[in-house]
Amino acid sequence: MDFASLAVQKRQVNVMRQASIDAGKSQHPAIDSRLRVWGEWTVANRCEGGGGGSVLAALIDGGGVVVRSTGKAVNMAEDVYDTERAVCRLDDKYREVVFLKYLEPELSDQQRADRMKVSRRTFLRYVATAQQNILFYLKPPARKASVRDQMRQNQSAVKNGV
């Protein structure tokens, strides 16, 4: 294959990817699913305080972090915790996109885009970029398991006085 045919192939892949994004299809279904679970958990466990205002406003005001109430203990699943840490590492624009997409599921993509003062297509591109960044920020499962195992070994060594 010559350079010109490779360039045409790459262009076709990019056009197909953009068409998929424009249609609202997730480029990373596993990350989309994980963010949906994170959003449901966040809405269910952090917004019961009755402080008024929307979830989005509270998260934006806190810079992506909402201080947990000491009123009740909440057991956060490891996946939700890891996802939250990844979301908090996003740039403000992408964090806002994630908040709108996953914490306010009753809104349409057009309504979300209007809130951000961008086109629907741009909003969907931002979602795809945010998902890609979150995928990058998440630790690979094998690494997490090895770190967890190493921590357990260290704890048992300390208990045994080694």
Side-chain angles (χ1 to χ4, degrees), residues 9-10 12-51 53-69 72-152:
Q9 273 186 332
K10 183 170 175 109
Q12 288 172 340
V13 168
N14 287 339
V15 168
M16 289 173 43
R17 180 178 180 272
Q18 188 58 51
S20 174
I21 290 171
D22 291 346
K25 293 182 182 175
S26 175
Q27 298 300 298
H28 302 284
I31 297 299
D32 183 61
S33 173
R34 194 170 177 149
L35 284 166
R36 288 184 195 284
V37 170
W38 167 81
E40 291 169 4
W41 188 95
T42 301
V43 169
N45 291 290
R46 293 201 172 167
C47 302
E48 296 173 350
S54 72
V55 177
L56 179 63
L59 288 169
I60 290 174
D61 289 344
V65 178
V66 176
V67 178
R68 295 184 193 149
S69 168
K72 68 175 190 176
V74 178
N75 183 12
M76 182 187 291
E78 188 174 338
D79 285 348
V80 173
Y81 177 74
D82 290 343
T83 304
E84 181 168 326
R85 290 187 59 196
V87 168
C88 288
R89 291 181 65 185
L90 294 172
D91 292 340
D92 291 341
K93 172 175 61 175
Y94 297 117
R95 192 177 319 126
E96 182 179 359
V97 165
V98 169
F99 293 161
L100 282 169
K101 176 84 173 164
Y102 297 100
L103 298 182
E104 304 212 14
E106 69 279 358
L107 298 177
S108 70
D109 286 338
Q110 186 59 54
Q111 290 171 319
R112 295 177 184 122
D114 291 344
R115 282 198 182 178
M116 288 194 68
K117 297 178 177 49
V118 296
S119 69
R120 179 181 174 275
R121 183 177 185 183
T122 299
F123 177 80
L124 293 174
R125 275 197 325 255
Y126 287 172
V127 169
T129 302
Q131 289 175 347
Q132 180 68 35
N133 289 342
I134 288 170
L135 179 65
F136 176 76
Y137 292 143
L138 290 171
K139 296 182 216 169
R143 169 84 175 122
K144 281 181 13 183
S146 68
V147 168
R148 193 177 315 119
D149 292 341
Q150 185 178 13
M151 288 176 59
R152 286 183 183 145

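Positions are given from 1 along the sequence. Please read these numbers as outputs of a predicted model, since none were measured by experiment.
Rounded to the nearest 0.5 Å, atoms CD1 (I31) and CZ (F136) are 13.0 Å apart. Of the inter-residue distances, the one linking R115 atom CZ with Q111 atom CD reads 7.5 Å to the nearest 0.5 angstrom. Here CG of L90 is found 13.0 Å from CZ of R85. Values are rounded to the nearest 0.5 Å. Note: E96 CD to Y126 OH = 10.0 Å, rounded to the nearest 0.5 Å. The CH2 atom of W38 sits 7.5 Å away from atom CD1 of I134, with the distance rounded to the nearest 0.5 Å. Distance CG/L107 to CG/L100: 7.0 Å, rounded to 0.5 Å.
Every residue was checked against the salt bridge (charged side-chain N to carboxylate O under 4.0 Å, His left out) condition with R89, not counting sequence neighbours, and none meets it.
V87 places a side-chain heavy atom less than 4.5 Å from the side chain of L35. Put simply, the side chain of K101 reaches to within 4.5 Å of the side chain of D109, judged on heavy atoms. Within the 4.5 Å cutoff, the side chain of E84 has heavy atoms near those of the C88 side chain.
Between V98 and A130, the shortest heavy-atom distance links the atoms CG2-CB, 3.7 Å. Here the closest heavy-atom approach between residue A86 and residue L138 is recorded as CB-CD2, 4.0 Å.
Screening residues 105-124 for ring pair (Phe, Tyr, Trp, His ring centres under 6.0 Å), with sequence neighbours left out, gives no hits.
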Q: Step by step, work out the salt bridge (Lys or Arg N to Asp or Glu O under 4.0 Å) result for D114 and R120.
A: CA-CA 8 Å; D114 291 344; R120 179 181 174 275; over 6 Å; no
Q: Apply the test side chain to side chain contact (heavy atoms under 4.5 Å, CB included) to residues V37 and D79: give CA-CA distance (whole Å), side-chain angles for both, the deciding distance (0.1 Å), then the verdict.
A: CA-CA 9 Å; V37 170; D79 285 348; over 6 Å; no
Q: Determine, step by step, whether R36 and D32 satisfy the salt bridge (Lys or Arg N to Asp or Glu O under 4.0 Å) criterion, reporting the C-alpha distance in whole Å, the side-chain angles of both residues, the deciding distance to 0.1 Å, and the verdict.
A: CA-CA 6 Å; R36 288 184 195 284; D32 183 61; 3.1 Å; yes
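In this structure, a donor-acceptor pair under 3.5 Å is absent between the side chains of D82 and Y137.
Under the 3.5 Å distance criterion, the side-chain polar atoms of T129 are matched with a main-chain donor or acceptor of R125.
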